[in-house]
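Each remark here refers to the structure printed beneath this line.
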Protein chains: 2
Amino acid sequence: MSGSLETLAAIEIPDVMAAACPSRRILNHVTSRWGVLILVALSRGKMRFSALRRHIGGVSERMLAQTLQTLEADGFVIRKSHNVVPPHVDYSLSPLGHEAAEKVADLVFWIEENLTRIPGALPEETTPVSAKTG
Amino acid sequence: MSGSLETLAAIEIPDVMAAACPSRRILNHVTSRWGVLILVALSRGKMRFSALRRHIGGVSERMLAQTLQTLEADGFVIRKSHNVVPPHVDYSLSPLGHEAAEKVADLVFWIEENLTRIPGALPEETTPVSAKTG
DNA sequence: TTGACCAACTTACGAATAGTAAGTACTTAC
DNA sequence: GTAAGTACTTACTATTCGTAAGTTGGTCAA
């Protein structure tokens, strides 16, 4: 076998802590503000653009379209356009997308279920602290 | 029992899909660009500010300090300052922080392990697509 | 005894990103 | 004939982020 240790050593192991690692880019897409919610929403099945817009509170059409395109380019989301008028476009998760969505959903559900245990989740009563990142 | 169904119905169940739900804010903190990496970094034990800065590639002091403050305010991170000169400050995870970090780390590790399966992880060779969100 | 230095921040400001609102194309309904 | 629905795109503005420099207060070398 010519697949020696030297050859194997040339294969870079992904490390998110490295700024230039592609995994960093993927992580940012998946954990982006709307990316997380899109993955969770689509984990139950396909949805139309307007349905996603209604389902995900607070998302703008611009951000929804942009984030869907990013996730599609990454290979997590599948876009299927039926050529009819008015337009009908279905979005769904690829097998890869389902795997990622599962991890993301685990986090989301943990937050929902444990919200009362999280001090920062209280509606910041009289705390004069400058609450960053919104 | 006076704890009737009406009373129970008044308790709001957290839903990230609702824009105003506090869970949304927590989710944004935990999945923020540097929040994710801080949680993963601290999941192995306490670290000093400068050690975190070196460990997390690409993070600026400004963003590190800001994100640490947000996670501390949420109750995920514990800041312990030893009053010495030069300053010595240790950051660690609270029990709650460890739970959250576990979920986040699951996602991060999945991305690292499956990176080669993710089409969008390729260094975008000659694709003329406008790659958003960096 | 000035001065450099360290760690952990903080502040100022230009750059990038996100959000708001309006525009587009096409057809059905009133 | 105009209002509405669908899936976007474009223009503009607000917010956030990143870079670089400043701050604090003791230690240590010159």
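Sequence lines set the chain letters: A, B, ... in the order given, protein chains first and strands last, and positions in each chain run from 1. Since the structure is predicted, the reported quantities are computational estimates derived from the model, not experimental observations.
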For this session: Go through C:dA18, C:dT10, D:dC17 for me and flag the one nearest to the A:Met63 side chain.
Result: C:dA18

Exercise. Which one, D:dG26, C:dA8, C:dC26, comes nearest to the side chain of A:Val85?
Worked result: C:dC26

For this session: For A:Arg33 and C:dG19, give me the distance from atom CZ to atom C1', rounded to whole Å.
Result: 9 Å

Exercise. C:dA8 P sits how many Å from B:Gln66 CD, rounded?
Worked result: 18 Å

Exercise. Which residue lies toward the 5' end of DNA chain C, A:Ser60 or B:Arg79, if each is placed at its nearest nucleotide?
Worked result: B:Arg79

Exercise. Using 30° and 60° as the class limits, which term best fits the ring planes of A:Trp110 and B:Phe76: parallel, tilted or perpendicular?
Worked result: tilted

Problem set entry | Test item: A:Arg24 side-chain N/O and A:Met17 main-chain N/O as donor-acceptor pair under 3.5 Å | yes

For this session: Tell me which residues in residues 36-50 of chain B put a heavy atom below 4.0 Å from DNA chain C, sorted by number, or none.
Result: B:Arg48, B:Phe49, B:Ser50

Problem set entry | Of B:Ala65 and B:Arg62, the one whose closest DNA chain C nucleotide lies more 5' | B:Ala65

Exercise. Taking OP1 and OP2 of D:dC17, is either one under 4.0 Å from a side-chain nitrogen or oxygen of B:Trp34?
Worked result: no

Exercise. Hey, is the main chain of A:Asp90 close enough, under 3.5 Å, to the side chain of A:Arg79 for a donor-acceptor pair?
Worked result: no

Exercise. Nearest to the side chain of B:Gln69, which nucleotide is it out of C:dC9, C:dA7, D:dC17?
Worked result: C:dC9

Exercise. Should the heavy atoms of other residues, nucleotides or ligands under 6.0 Å from CZ of B:Arg44 be counted, would the total exceed 12?
Worked result: no

For this session: Give the rounded distance in Å between these two atoms: CG of A:Asn28 and P of C:dT17.
Result: 11 Å

